[in-house]
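Every number for a ligand or one of its atoms is a count from 1 in the order of the listing. Being a predicted model, the structure only gives us computed values, none of them experimental. All heavy atoms count here, side chains included; hydrogens, waters and symmetry mates do not.
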Amino acid sequence: MSKRFTIITYGCQMNRYDSETITGYLTAEGYEPGDDPEGADLILLNTCSIRDRAEQKVFSQLGRLRKLKKKNPNLKIGVCGCFATREGERIAKRNGDVDLIFGTQNISKLPEMLRGIEAGRVCDTETVEPDFSELAPIRRSCGPSAYVSIARGCDNFCSFCVVPYTRGPEWSKPSALIVEEIEAAVREGFREIHLLGQNVNSYGKKTEGEPTFGGLLRRLDEAQGLERIRFMTSNPQDCGEDMIGAMAECKKVCEHLHLPVQSGSDEVLRRMERGYTAEEYLAKMALYRERVPGGAITSDIIVGFPGETDADFEDTLRVLKESRYDNIYLFKYSPRPGTPADGMAGQVADEAKDERFRAVQQLQREISEELHRGLEGSVVEVMVEGPLREKAGNSPGGGESGGGLLQISAPRRYMGRSRANHRVHFHFEGPPPQIGEMVEVEVLRGSVSNLGGVALPQGAVLEERAT
Ligand code: SAH
Ligand code: SF4
Ligand code: F3S
């Protein structure tokens, strides 16, 4: 009987992509995927290290797995991902029953490591050059969007961030291999590609013979059978005419730019070593808005970076008001041992971080709601993700009211994403739409977190446009 495995994934899309690659290697070795940790022969935790909370979650999960291993001594436990890369030894010391520890750069050695754990613990967190000679095996989760990593690592060393230590130096994947991977995903039925990298728009900068990021987008825009291209994350330092021009011209590239600002204070940005000022950032956004009218912008913000004064924080609120983001990911600064910001003077008290967090959250909710209400009456193209699962009591047409248990809502309610990456809940008459199908939805209601509406009869929009 073949062995069964379960992967528990924490962190960002890059980790999810890695879990799909790990699944590819394991299935090639004869393992079978399963969701139930109770019945698994191998459980892997693909970990994140970005904030302290992410690391604590791993230790509590390992505590739970220890009990499972007591019941089933043949169970093998593995820890991989960013936290394993950074703290492999600490994990090994604290958890005698972990059988396998490997880093973000050692995934391709899995077949060898699996044989090794039959004899005893295996630990490999070495920094190695990536092998880009051929496609790694990958078993993607169901669609409609396929992750494709275009670069590994990060050379930016922002003073708060662990990623350069957990994912190593930046390497661009050869564009020929990216094209090959996308063609394979399209053959599998994926119609949207989500390009991944810590800094996608520095693609090719240090690799001779490769296009720039803008050049890569133009090349991928020609891929047959592909309908949408998204990417994440763009760094403001490398955002300019090259990428924005390509975003404006390429039909398949979606009208959404995730451009994390982190702070609105020049002094904080300097100490974060982000490489831009607030004004430079705002100028880049203005260029995007001019070239891609109606495009959505989202951002990441950190509150409570060491030394952040009330005046610095006011600057962040000012940039938020000026930027009018569609949405943001908001974080309280979390000191990361070994990073320059950890040792900086002026660590901000938790209460001040909480207060600033709430203020940003409140302001952003107002902006998101206003922007989404402004879309009422418009028609958006939605890629179907499946039937809507929502909280009982949610009002028709979207909205956030209600609460309680998750349930499949009334038949004919579905969800999907617009090109600008809005989450759209919609009513659909007729035979259920397929995952990955494109439907035109008239927006009836915009709320903080989504748009609600009704699918137009297929072809209706085209007819209207033709007259
Ligand atoms: N490469 C991306 C971000 C990767 S990490 C970029 O440069 O924008 C995702 C987000 O986590 C960051 O944008 C930042 O907002 C947040 N983050 C990173 N380190 C953090 C820390 N120590 N404390 C709080 N938030 C952090
Ligand atoms: Fe971290 Fe900065 Fe690299 Fe983003 S660009 S991963 S924030 S070091
Ligand atoms: Fe992602 Fe967390 Fe690593 S955010 S890159 S999994 S530290």
> For ligand 2, which atoms sit closer than 4.0 Å to a heavy atom of Cys154?
Replying inline: 3 (Fe), 5 (S), 6 (S), 8 (S)
> What is the minimum heavy-atom distance between Ala296 and Ala420, and which atoms define it?
Replying inline: CB-O, 3.6 Å
>> Looking at every heavy atom in both Ser49 and Val162, which two are closest together, and how far apart are they?
In response: O-CG2, 3.6 Å
> With backbone taken as N, CA, C and O and side chain as the heavy atoms from C-beta onward, which portion of Asn199 lies under 4.0 Å from ligand 2: side chain, backbone, both, or neither?
Replying inline: neither
>> Show the atoms of ligand 2 that are less than 4.0 angstrom away from any heavy atom in Asn235.
In response: 5 (S)
> Any idea which protein heavy atom is nearest atom 8 (S) of ligand 2, and the distance to it?
Replying inline: Cys158 N, 3.3 Å
>> For Arg289, I'd like to know if atom CZ has over 12 heavy atoms of other residues, nucleotides or ligands within 6.0 Å.
In response: yes
>> Atom CG of residue position Asp36 - does it have more than 12 heavy atoms of other residues, nucleotides or ligands inside 6.0 Å?
In response: yes
> Where the closest heavy atom to atom 26 (C) of ligand 1 is concerned, which of Arg167, Arg51, Met14, Lys353 has it?
Replying inline: Arg51
> What residues come within 4.0 Å of ligand 3, counting heavy atoms only?
Replying inline: Cys12, Asn15, Cys48, Ser49, Ile50, Cys82, Arg167, Gln198
> By number and element, which atoms of ligand 1 are closer than 4.0 Å to a non-hydrogen atom of Arg336?
Replying inline: 22 (N)
>> Closer than 4.0 Å to some heavy atom of Phe331 - which atoms of ligand 1 meet that?
In response: 10 (C), 11 (O), 15 (O), 16 (C), 24 (C), 25 (N)
>> Within the 4.0 Å heavy-atom shell around Lys332, which atoms of ligand 1 are there?
In response: 23 (N), 24 (C)
> Is the Tyr329 to His258 ring centre distance short of 6.0 Å?
Replying inline: yes
>> Is it true that, when you exclude Arg373 itself, more than 12 heavy atoms of the residues, nucleotides or ligands shown sit nearer than 6.0 Å to its CZ?
In response: no
> Would Asn199 count as a contact of ligand 1 if the rule is a heavy atom under 4.0 Å away?
Replying inline: no
> Looking at ligand 1, does Val163 have a heavy atom less than 4.0 Å from it?
Replying inline: no
> Are the aromatic rings of Tyr165 and Phe157 close, with centres under 6.0 Å apart?
Replying inline: yes
> Of the backbone atoms (N, CA, C, O) and the side-chain heavy atoms from C-beta on, which set of Pro260 has a member under 4.0 Å from an atom of ligand 2: side chain, backbone, both, or neither?
Replying inline: neither
> Nearest non-hydrogen atom to atom 7 (S) of ligand 2 belongs to which of Glu273, Met14, Arg274, Gln198?
Replying inline: Arg274
> With a cut-off of 4.0 Å, which atoms of ligand 1 are near a heavy atom of Thr233?
Replying inline: 2 (C), 6 (C), 8 (O)
> For ligand 1, which atoms sit closer than 4.0 Å to a heavy atom of Asp300?
Replying inline: 9 (C), 10 (C), 12 (C), 13 (O), 15 (O)
>> Give the atom numbers and elements of ligand 2 that come within less than 4.0 Å of a heavy atom of Pro164.
In response: 8 (S)
> Which ligand 2 atoms are under 4.0 Å away from a heavy-atom of Phe157?
Replying inline: 8 (S)
> So is Arg53 close enough to ligand 1, meaning a heavy atom under 4.0 angstrom away?
Replying inline: no
>> Considering non-hydrogen atoms of the protein only, which is the closest contact for atom 1 (Fe) of ligand 2, and what is the distance?
In response: Cys161 SG, 2.3 Å
>> Is it the case that the ring center of Phe331 lies less than 6.0 angstrom away from the ring center of Phe305?
In response: no
>> Counting only heavy atoms from other residues, nucleotides and ligands, does the tally under 6.0 Å from CD of Glu355 exceed 12?
In response: no
